[in-house]
Every structure is written in C-alpha cells, then in structure tokens.
Amino acid sequence: MTFAVVGDLSLDIVVAQSGPQRERSDVPATIRIGPGGQGANVAVRLARQGADVALVSPMANDAGGRLLREALQAEGLELRPLPATRSTVVLALLDETGDRTMISDRQTLDAGAVAPGIEAASWIHCSGYPLLDDRTGDRLAEILGARGRGVR
C-alpha cells in the first residue's frame with residue numbers, strides 16, 4: 001500500500017519560557033527548531049511504522065527548506081515538493097503553564113500541482129489546513145475527489 005500525505009510542512013520554532021513575560025526585559029527560555037506541520041507529522045508517523053509514504057507539500061529551496069528536506073529524508077519519506085517562494089514557519093510560544101500561542105507564516109498549497117504527487121497512491125491523507133484555505137480548498141477537494149474508487 002502506497003500512502004500520499006497532502007498537507008503542511010513547516011519549520012517549527014518552539015519557545016518555552018521559564019516564567020511570565022516581563023516588559024522590556026529578557027525571560028530565560030528553551031528554544032527548539034525542527035520540522036512540523038500536520039501533513040509532515042502524519043507522514044513521519046506512517047514512515048516510522050514502515051509504510052511507503054510520500055509527502056506532497058509546498059517546499060521552498062531556502063535555508064529552512066533545506067533543513068526540512070534533510071530531516072524528512074532521514075525519516076525515510078519520499079518528498080514530492082510543490083512550488084513555494086519561502087518555507088512555512090510557525091512560532092509556537094509556550095508560557096510558563098504550557099499554554100500555547102502559535103504565530104504562523106503559512107504558505108498556500110498550489111492545488112493544481114497536487115495531482116501528479118498523488119497519482120500512484122492507494123491511500124491519500126489530506127490534512128485540514130489546505131482544505132480550509134478559502135483560496136484553494138475547493139479546488140483541492142475536487143482533485144482529491146476525482147481519484148478512482150480504489151483509492152482510499
């Protein structure tokens with residue numbers, strides 16, 4: 001069974017502050033940078049279970065994109081990049097209680113470019129963000145819905 005996962009791939013920057021914010025002052029924090037995004041997270045989990053999986057997602061050829069490609073290839077994923085002018089970046093701010101605020105610079109998925117990336121898949125997973133995008137979600141739903149009956 002071949003999986004294609006359509007969705008977001010992001011460079012996640014997670015900032016866990018040690019205490020409350022103080023105006024005009026520093027707050028010690030732990031900062032982690034790595035791959036994320038709904039689509040990428042599902043694809044990695046499938047690959048770790050031994051599935052044959054490809055990630056169909058906007059991928060830029062910038063510093064963030066190169067870091068993301070390297071990390072996902074190390075997980076055994078096949079990457080089927082869609083055009084992007086820059087990488088999606090998400091800044092997740094965790095306060096001292098663990099509550100999260102996310103600030104997203106999300107790149108829109110080119111729905112018209114998805115079809116070749118899902119052509120050979122017998123199972124397609126599409127994360128919610130691309131389907132909810134007012135600009136391209138309806139077109140993406142049409143492309144996914146046009147797949148044959150044998151595709152799940």
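Nothing fancy with the numbering, it's 1 onward along the sequence. The figures here come from the full heavy-atom set of this structure, side chains too, leaving out hydrogens, waters and symmetry mates.
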Colleague: Is it possible for you to say whether Ile33 and Leu72 belong to one hydrophobic cluster, with membership spreading through side-chain heavy-atom contacts below 4.5 Å?
Modeller: yes
Colleague: What do you reckon, is CZ of Arg100 surrounded by more than 12 foreign heavy atoms closer than 6.0 Å?
Modeller: no
Colleague: With sequence neighbours excluded, tell me which residues meet side chain to side chain contact (heavy atoms under 4.5 Å, CB included) with Glu96.
Modeller: Gln17, Pro20
Colleague: Going only through I, L, V, M, F, W and Y residues with side-chain contacts under 4.5 Å, is there a path from Ile31 to Leu91?
Modeller: yes
Colleague: If I take atom CG from residue Leu140 and atom OG1 from residue Thr108, how far apart are they, to the nearest 0.5 angstrom?
Modeller: 11.5 Å
Colleague: For the CD atom on Glu119, are there more than 12 heavy atoms of other groups (residues, nucleotides or ligands in this structure) within a distance under 6.0 Å?
Modeller: no
Colleague: Should Leu11 and Leu93 be counted in the same cluster of Ile, Leu, Val, Met, Phe, Trp and Tyr side chains packed under 4.5 Å apart?
Modeller: yes
Colleague: If I take atom CG from residue Leu94 and atom CE from residue Met102, how far apart are they, to the nearest 0.5 angstrom?
Modeller: 10.0 Å
Colleague: Can you tell me how far the CD atom of Gln21 sits from the CG atom of Asp26, to the nearest 0.5 Å?
Modeller: 11.5 Å
Colleague: If you measure from CG on Leu68 to CG on Leu9, what distance do you get to the nearest 0.5 Å?
Modeller: 4.5 Å
Colleague: Nearest 0.5 Å, please: how far is CD1 in Ile143 from CD1 in Ile118?
Modeller: 7.0 Å
Colleague: Please report the interatomic distance CG(Leu79) to CE(Met59), rounded to the nearest 0.5 Å.
Modeller: 4.5 Å
Colleague: Is Leu144 reachable from Leu82 through a run of hydrophobic residues whose side-chain heavy atoms are each under 4.5 Å from the next?
Modeller: yes
Colleague: I would like to know whether His125 and Leu46 meet side chain to side chain contact (heavy atoms under 4.5 Å, CB included); could you show each step before the answer?
Modeller: CA-CA 11 Å; His125 172 87; Leu46 287 168; 5.7 Å; no
Colleague: In this structure, would Val56 and Leu131 fall into the same cluster of hydrophobic residues linked by side-chain contacts under 4.5 Å?
Modeller: yes
Colleague: Taking Gln107's backbone N and O only, do any of them form a donor-acceptor pair with Thr88's side chain (distance below 3.5 Å, no angle check)?
Modeller: yes
Colleague: May I ask you to check whether over 12 heavy atoms, not counting those of Asp62, lie within 6.0 Å of atom CG?
Modeller: yes
